[in-house]
Amino acid sequence: MQEELIKRAVELMEDGTVNRVLGWQKGQFVYDITPAVFTSADELKENFVYNDFCGDNLSKYLKDETEKEGKVLVFLKPCDTYSFNQLLTEYKIHRENVYAIGIECYGKADVELLRRKGIDGILDVKNENGTLKIATIYGDEEVPMMEAMAERCVNCKSKKHVAYDELIGEDGEVLDSNRFDMVEKLEQMSAQERFDFWQGELSRCIRCNACRNVCPACTCEKCVFDNPDSGLYNKAAADSFEEKMFHIIRAYHVAGRCTDCGECSRVCPEHIPLHLLNRKFIKDYNELYGSFMAGAEVGQVSPMVDFTMDNDAEPSIVQKGGAE
Amino acid sequence: MASNYDVTKEEIEEIAGVNPLRCMRCGRCSAACPSFDNMKYHPHQFVAMVENGEIDALMESESSIYKCMSCMACIERCPRQVQPARLIEAVRLAVVRKQGQNHLTPDDIPALLDPDLPQQALVSAYRKFTK
Amino acid sequence: MSVKENTEFQPTIVAFCCNWCSYSGADLAGTNRLSYPTNVKIIRVPCSCRINPMFVLRAFQRGADGVILCGCHPGDCHYMEGNYHTRRRMTLLFSMLNYLGIESARTRVEWVSAAEGQRFVDVMDDFTAKITELGPNRRLEDLRCKKN
Amino acid sequence: MQRIGVFVCHCGTNIAATVDVEAVAEAAKSVPGVVFSADYPYMCSESGQDLVKESVQKYNLTNVVICSCSPRMHEKTFRKAVESIGMNPYMLEIANIREQCSWVHKDKEEGTEKAIMLMKAACAKATLNTPLTPGMLPVTKRALVIGGGIAGMQAALDIAEAGYEVDIVEQKPTIGGKMAQLDKTFPTLDCSSCIVTPKMVDVGQNDKIRILSYSDVEEVKGYIGNFDVKIKRKARYVDEDKCTGCGLCTEKCPMKKVPNEWNLELDTRSCVYIPFAQAVPKVATIDPRYCLKLNKGTCGICSKVCGVGAINYEAKDEIIEEKYGAIVAATGFEIADISRYDEYAYGQSPDVVTSLEYERLMSAAGPFGGHLLRPSDHKEPKKIVFVQCVGSREEESCKGGKEYCSKVCCMYTAKHAILTKDHYPDTDIYVFYIDVRTPGKLFDEFYRRAVEQYGVHYIKGAVGKVTPHKETGKLEVQGYDMILNEQMHIDADMVVLAAAVEPSHTARRMATMLTAPMDNNDFFTEAHAKLRPVESATAGVFLAGMCQGPKDIPETVSQASAAAAKVIGVLAKDQLVGNPCIAHPDELMCNGCSQCAGVCPYGAITYVEKEFRMPNRTTKMRRVAQVNEAVCQGCGACTVTCPSGAMDLRGFSNNEIMAEVDALCL
């Protein structure tokens, strides 16, 4: 796959369709991939990589890239295409300045899951027919890919590309995933249990803002938390509620625009399952106002800015919790 | 009101799934009824009498409940979705149940099936069973 | 800074009221000398759709024990559709707060028209009673900002 | 640094009885920013206001907080007072310690405590107050009336009377509307065209009024005082200025089989046509769907016979752009499609007609010259059945009917019955009704006349089925009489259906352009059902006639005149004062996501590409929100939608409300 992508990128660069390529660049280790812009065939051949750890959603980088001169080539996995559409809906990408190639994806690995299995000192990882052959400084290991797959990929919502100029590999279907199972599980808990769960998760937050910076929906010029006129201006947590407030507001602000790409949870250095907040909003508005998938089409009206006169639920339907 | 049958208007309304208060007394149901001349109480009267709780009179009026052909013309014409035919059916059912004539259990049916039996009769019968 | 220190618990309740219906409804309660608990403190906003989830959270952060939003009845909004937006936003926000383990009885939206002084009082009586029953908002309050 | 003055009102004993006002004034002294505080028996009195003014000057106050009654009561009074001495009125805040404190609480200790908190919240907000200046908007002193029926004509005449220019846009070739198609009017039996055609002439001859007939409104931009409207003038193929309306072309036109809309297609007309004799403007129009010259390149007779050379086959649709200060929507109504009621055999027999068709059948200018004949065999009907409420008062879920009462049917049916009996006394007339609704001056008397004087059979009941019999030419009507409790069968010659009225099919498109709200039935919604019945919620857009809801002619005319008065009220001003408490975006923060535009009920938010200076002397084009200050009403829906907080509301800013929250919770 990697060779195929490089070959096509070089072709498009040589025939003048694009003048640079937005892709994934090798890191120091096989699993620490970074997004990068390549401007020459040599750079591509040397540093471009596409493997099981290329989870980064490249669509957000298009916001800046498409403002520059010339067309940029971008590779989009199915879930990335939703973000791509959503950014188009919000006028964040200049469509004419981008050439999008949809690429197939069978799920990406999460190195954290390997580490939790006690695999450390990883030198190399190869995927052979669904089995990861891992070379470490302590010897070789084998792990089935399914066991190393990121949560968001296990519960993949769609293998369908909703936007592209060209497709490499197969297009898939929108899937019936189990992505709301954990949300449901939390909903079943008592208020105290839920509170304890989130207390435990959110108290680890160090307000590094990685979730915000990586999120394709967080494309504000300046975040509301950095806006002195918002009344929320603060750089660091002032009290124990601050992180909760930050994460509620963050999830609220991306609700209806979040495509559930899962980047927030992927980049969180504290491994807080932030996607569970986003998914709660998605689950709620799907159930209350009809199914809606942000980014499925360009120009959709989000349920957050829409309403019906007669059929909307009253806020009083939220009744669970109470004195317990 | 002294009742001979102990069937309340709420029961009839529940069986029929009809709210007689929606009726605005336009009379289109009775205007459309093909059995009008054979019925003592006419479709609109069913609505009004159920609303007033006069269930006994309806249950006793065989000429009314058994002359309705369930053609659903009244339902079709009604501008307020009152559905008089469903009320009539509900009264019929109330009578049948009171008389203990509802002997057939679903298990009895396969043995009684006749290939010539119209499909509609079957569907109609099942519909009654589900009520 | 409750004057009835060391007695029963006095909750702090913030009520956001839209200028056209609920704030007038509250005024009408006053004009008719209908009494409701002093715990309720009203903030006037032009429309219920002006109420940002940030305000609700901020109130909790600063030590409110309950937050109630009042607006015109659906269909009667002075700005035609503002309260429809409020309805959606707050349903989702409350659901999220509930999901985080915050007692959902601490948040409420009520539609109170300018003519419903009595209803305003009933709503506030009921809400205050419920919050008093729930007790202080330990889960969300900011300890450092609370004076006692 | 802010210098706040706090003034606490006793309101006689209204406040002072349950709130220790001296304590509140004393507590104010320790609030940050407060440099002066006082209490006074009646702040709103002349001397109370003077105290505020003097203190502002004496202590150089930048903000004033008044602890008194509800701001809904005296906010304006105090704002005026401080404005008179040069302070910005929006630097003043009110703490409502009467309606929301002293009047609702009994315990003085608790009341005082709460009053102090309310005072502190008001101070917290006041500290963040910024001076606000309402925008002044120029007014284009011309009005647009959409629709040339009786509502539009009346509104235009009244506006013109006041000396302002008016344009009427009418989609048909002539003004006059539905009223011109009526035969007589109830309950006076005036000849409709005798009263409406002089009005049409008045409109045509008024030099302040311009009629843009055969035209459509294509686009409306702008806001009260400054609407920019694009109007499409459809190609008429006849030069309006040259045509004298002599009608020669219509006589000579060989294409005579065109269904005549004017007579509801009960007869035919020529392809080049003048809708009716009294049309205004009296100008011919070529129907491009049927013209042989336009479609096949043959014929061309009309051009040859026209003495003034008015025919122009090359004409094209033309878009004109105009500016207006106010708009009257008078888009009128149509008769709802009743073909789905197959029980009444409408469409199966030509002798089953709608009431408007019956109106044309009776009209002297109608297809039979005023002689009432059945459309099928042109014989006089001897037995006529009228059916009320066809498609009205019906749940939408039933047959897609209208839930509302069409209001005019009861009266026009009585009119039809009386007129028919007047001309043909031996006619038998049956009217099947659910209710007869006659609220109006002389209405019930009129209906009773139909029953008592003319012997019209009014039957409380309904029609279940109409069966046309080919052989006899009769219509068998199966009906039900609720009073006699019996079904009846009538062999009728004609059946007349009182079909529901519905808003013009163009109304929704128009409402979208005007950003005016509509109800589920596509009627325009008034700004307030009781107190602002002729205004749309969109400033500068006014409503007249059936487009707002079913109504009869006098109601339509009075609403049109009322709308005209409102328009004149706008046009008479040289400038409009805006509301300063409106949304405004911080362009540096705005990220162009466009969510705010989606929630704005007034369409006040637009987006522009704007160049911004960036570091290192570079620039960048960015999409940012713009709020039209004239259109924004200040609800704040956009401010909550804005994720970055770039959109804020003046007078109720995020910071101000947060400060109030903080003050009340601490």
Side-chain angles (χ1 to χ4, degrees), chain C residues 1-4 10 12-14 16-19 23-24 26-56 58-65 67 77-82 85-86 89 121 124 141-142 145-147, chain D residues 14 69-73 94 96 98-107 109-118 121 125 517 519 525 527-529 537-538 581-583 599-602 633-642 645 649 651-652 654 656-658 660-666:
Chain C
M1 66 175 287
S2 170
V3 287
K4 290 192 175 175
Q10 288 293 328
T12 302
I13 291 170
V14 176
F16 291 97
C17 290
C18 86
N19 182 39
Y23 195 86
S24 313
D27 277 354
L28 183 66
T31 312
N32 293 343
R33 311 297 199 276
L34 306 168
S35 154
Y36 54 88
T38 46
N39 310 68
V40 177
K41 313 284 191 313
I42 296 172
I43 294 180
R44 183 164 73 125
V45 286
C47 174
S48 59
C49 71
R50 174 67 187 97
I51 304 163
N52 200 313
M54 298 189 299
F55 303 159
V56 178
R58 175 66 152 245
F60 283 127
Q61 183 185 20
R62 290 293 189 253
D65 300 298
V67 177
C77 177
H78 178 80
Y79 303 99
M80 298 181 298
E81 23 189 81
H85 289 299
T86 312
R89 288 167 181 166
V121 169
M124 291 307 156
E141 78 179 299
D142 169 17
C145 290
K146 194 86 175 168
K147 279 187 184 161
Chain D
N14 277 309
C69 51
S70 171
R72 298 176 57 84
M73 187 74 81
I94 304 266
N96 185 345
R98 191 179 75 174
E99 279 85 346
Q100 296 181 3
C101 189
S102 72
W103 277 356
V104 288
H105 305 313
K106 308 248 161 8
D107 186 311
E109 201 180 345
E110 283 183 1
T112 308
E113 187 199 345
K114 180 171 170 180
I116 291 172
M117 285 189 102
L118 294 175
K125 190 180 178 206
D519 63 18
T525 310
H528 189 284
T538 301
C581 295
I582 52 168
V599 297
C600 180
Y602 305 97
Q633 303 286 312
C635 67
C638 52
T639 60
V640 181
T641 307
C642 182
L649 194 66
F652 292 94
N654 287 329
E656 284 170 343
I657 296 177
M658 288 284 202
E660 281 187 87
V661 170
D662 289 358
L664 290 181
C665 290
L666 283 179

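Here is the naming used below: chain letters follow the sequence lines, and residue numbers restart at 1 for every chain.
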C:Asn32 and D:Trp103: CA distance, side-chain angles, deciding distance, side chain to side chain contact (heavy atoms under 4.5 Å, CB included) verdict: CA-CA 8 Å; C:Asn32 293 343; D:Trp103 277 356; over 6 Å; no
Step-by-step side chain to side chain contact (heavy atoms under 4.5 Å, CB included) determination, C:Thr38 to D:Asp107: CA-CA 9 Å; C:Thr38 46; D:Asp107 186 311; over 6 Å; no
Criterion side chain to side chain contact (heavy atoms under 4.5 Å, CB included) on C:Cys49 and C:Arg89, from CA distance to verdict: CA-CA 9 Å; C:Cys49 71; C:Arg89 288 167 181 166; 3.8 Å; yes
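Residue contact with chain C, scored on non-hydrogen atoms closer than 4.5 Å, is absent for D:Ala121. Only the backbone of C:Leu34 comes within contact range of chain D, with heavy atoms under 4.5 Å apart. Of the atoms belonging to C:Ser48, not a single heavy atom falls under 4.5 Å from chain D. Using a 4.5 Å cut-off between heavy atoms, D:Lys125 makes no contact with chain C at all. Contacts of C:Asn19 with chain D are made by both backbone and side-chain atoms, with heavy-atom separations under 4.5 Å. Interface remark: C:Val14 contributes side-chain atoms only to the contact with chain D (heavy atom separation under 4.5 Å). With a 4.5 angstrom heavy-atom cutoff, C:Phe16 touches chain D only via side-chain atoms. Both the backbone and the side chain of D:Thr641 come within contact range of chain C, judged by heavy atoms closer than 4.5 Å. Contacts between C:Leu28 and chain D at a heavy-atom distance below 4.5 Å are absent for every atom of the residue. For D:Asn14, the part sitting under 4.5 Å from any heavy atom of chain C is the side chain, from C-beta outward, and nothing else.
Residues D:Arg72 and C:Ser24 have side chains in contact (heavy-atom distance under 4.5 Å, counting atoms from C-beta outward). At a threshold of 4.5 Å between non-hydrogen side-chain atoms, the residues D:Val104 and D:Glu99 do not count as touching. Using a 4.5 Å heavy-atom cutoff, the side chains of D:Cys581 and C:Pro46 are not in contact.
In terms of non-hydrogen atom pairs under 4.5 Å with chain C, the most contact-rich of D:Lys114, D:Gln633, D:Gln100, D:Glu660 is D:Gln100. Residue with the most contacts toward chain D among C:Pro37, C:Ser35, C:Pro53: C:Ser35 (heavy-atom pairs, distance under 4.5 Å). With chain D as the partner, the residue from C:Ile13, C:Thr86, C:Thr31 showing the most heavy-atom pairs under 4.5 Å is C:Thr31. Annotation: maximal heavy-atom pairing with chain C below 4.5 Å, among D:Asp662, D:Leu118, D:Thr639, occurs at D:Asp662.
Evaluation of the salt bridge (charged side-chain N to carboxylate O under 4.0 Å, His left out) test over residues 38-52 of chain C, restricted to residues two or more places apart or in two chains, returns C:Arg44-D:Glu75, C:Arg50-D:Asp648.
Taking the ring pair (Phe, Tyr, Trp, His ring centres under 6.0 Å) definition, one finds that C:Tyr36 meets it with C:Phe120, D:His105, sequence neighbours left out.
A distance of 7.5 Å separates CG in D:Asn96 from SG in D:Cys69, rounded to the nearest 0.5 Å.
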